[in-house]
Protein chains: 2
Amino acid sequence: MQPGTTEEHCSIAATLGVIGDRWSLLILRDVFRGNHRFSVIQSDLGIAKNLLADRLTQLIDDEILEKVLYCERPARYEYRLTAKGADLSALLIALMKWGDRWHSDGEPPTVLVHRECGTPLELHVACPHCDAPVRPGQIRSLNQATTEEMTTH
Amino acid sequence: MQPGTTEEHCSIAATLGVIGDRWSLLILRDVFRGNHRFSVIQSDLGIAKNLLADRLTQLIDDEILEKVLYCERPARYEYRLTAKGADLSALLIALMKWGDRWHSDGEPPTVLVHRECGTPLELHVACPHCDAPVRPGQIRSLNQATTEEMTTH
């Protein structure tokens, strides 16, 4: 399944081409939570070893994870986020927040808080000029060839 | 491929279970941009008709899209976002922003701006108490059973 020919210049399609696999995102969630080792991730996700090895190799090839030696004899490696990988935090938070709102019974299972003060965090689409959160209906999408509008109705 | 048994109470896994399919997200991107009709989406994505019909049915079953009659004779329908679907805007923006930063040559192909003032929008993880953006390393992830930490190193 490949996106169509109009997809070449779309950043959403580009991102999905790199991390648009459910397992890859669950692996990244684990690494964000501090599960850095193959056996821990494998056990946590209940994923087949060959599938996990395949996805980890792909994430390293795409420079989202890097393999770091943590034991010399025997040689043991763990998986760490690169700057490019760490930059996926807003995406993972967006996935979590939506699941909290629409697919959680009662209290959200996990809460993200600000390390410094313990306050639950929020994810905002913000306008730096107006200094205010922006609702979906207030978003306009522009590209070089045409003017498109994001509509929510 | 099913997530493992530890996934039951994770909102990220729950979200991926609903919209963790690449085509579903590309269809939603199209609807956000104002492509509401089957033929337009099909042509834009270059997706097989049966695959598109299948994904649209699933998105309606999951109450993310709704079918709206726009022509009575002959009966014609278009696809509109529900409130639950519109609430995916931050997720789509997170996908776009990451693609812009890491998988775009030069200028981002599409820019999202505030409808009122035309300023390019930003996506922030924010602490309402400290009134400041939060970096990935400043995020702590808590759950009821254990205390986990989101780590970026």
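Chain identifiers are assigned alphabetically (A, B, ...) following the order of the sequence lines, protein sequences preceding nucleic acid strands; residue numbering begins at 1 within each chain. These figures come from a predicted structure and were not determined experimentally.
- In terms of heavy-atom pairs under 4.5 Å with chain A, the best-connected choice from B/Lys97, B/Arg101, B/His114 is B/His114.
- Looking only at side-chain heavy atoms (C-beta outward), B/Ile12 and A/Leu25 stay at 4.5 Å or farther from each other.
- Heavy-atom minimum distance, B/Leu123 versus A/Ala90: CD2-CB, 4.1 Å.
- Residue B/Phe38 places its CZ atom among more than 12 non-hydrogen atoms of other residues, nucleotides or ligands, all under 6.0 Å distant.
- Residue with the most contacts toward chain B among A/Glu116, A/Arg135, A/Lys84: A/Lys84 (heavy-atom pairs, distance under 4.5 Å).
- Side-chain contact between A/Arg115 and B/Cys127 is absent, with no heavy-atom pair separated by less than 4.5 Å.
- Contact of the A/Thr119 side chain with the B/Pro128 side chain is registered, since non-hydrogen atoms from C-beta on lie closer than 4.5 Å.
- Under the 4.5 Å side-chain heavy-atom criterion for grouping Ile, Leu, Val, Met, Phe, Trp and Tyr, B/Ile41 is not connected to B/Tyr77 through any hydrophobic cluster.
- For residues 59-75 of chain B, the pairs satisfying side-chain hydrogen bond (donor to acceptor under 3.5 Å, both in side chains) are B/Gln58-B/Asp62, with sequence neighbours left out.
- To the nearest 0.5 Å, atom CG of residue B/Asp100 and atom OG of residue A/Ser11 are 3.5 Å apart.
- With a 4.5 Å cut-off on non-hydrogen atoms, B/Val134 touches chain A through its side chain but not through its backbone.
- Atoms CZ and SG, on A/Arg140 and B/Cys117 in that order, are 11.0 Å from each other to the nearest 0.5 Å.
- Using a 4.5 Å cut-off between heavy atoms, B/Leu65 does not touch chain A at all.
- B/Arg37 pairs by the salt bridge (charged side-chain N to carboxylate O under 4.0 Å, His left out) definition with B/Glu78, not counting sequence neighbours.
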Query raised in the report: Between B/Ile64 and A/Trp102, is a side-chain contact (heavy atoms from CB on, under 4.5 Å) present by the stated rule, with each step listed?
Result: CA-CA 10 Å; B/Ile64 290 168; A/Trp102 299 99; over 6 Å; no
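- The two residues A/Gly20 and B/Arg22 have their closest heavy-atom pair at O-NE, 4.3 Å.
- Between chain A and the options B/Ile19, B/Asp87, B/Leu91, heavy-atom pairs under 4.5 Å are most frequent for B/Asp87.
- Side chains of A/Leu142 and B/Thr110 form no contact here, defined as non-hydrogen atoms less than 4.5 Å apart.
- For B/Asn50, the CG atom counts as densely surrounded, since its 6.0 Å shell holds more than 12 non-hydrogen atoms of other residues, nucleotides or ligands.
- Counting heavy-atom pairs under 4.5 Å between each of B/His129, B/His103, B/Glu122 and chain A puts B/Glu122 at the top.
- For the pair B/Ile93 and A/Ile139, the minimum side-chain heavy-atom distance is below 4.5 Å.
- In this structure, chain A has no heavy atom under 4.5 Å from any part of B/Val68.
- Note that CG of B/Leu16 and CZ of A/Arg29 are 8.5 Å apart. Values are rounded to the nearest 0.5 Å.
- When all heavy atoms of B/Thr15 and A/Leu95 are compared, the pair lying nearest together is OG1-O, 2.7 Å.
- If you chain together hydrophobic residues whose side chains sit under 4.5 Å apart, B/Val40 and B/Leu52 never meet in one group.
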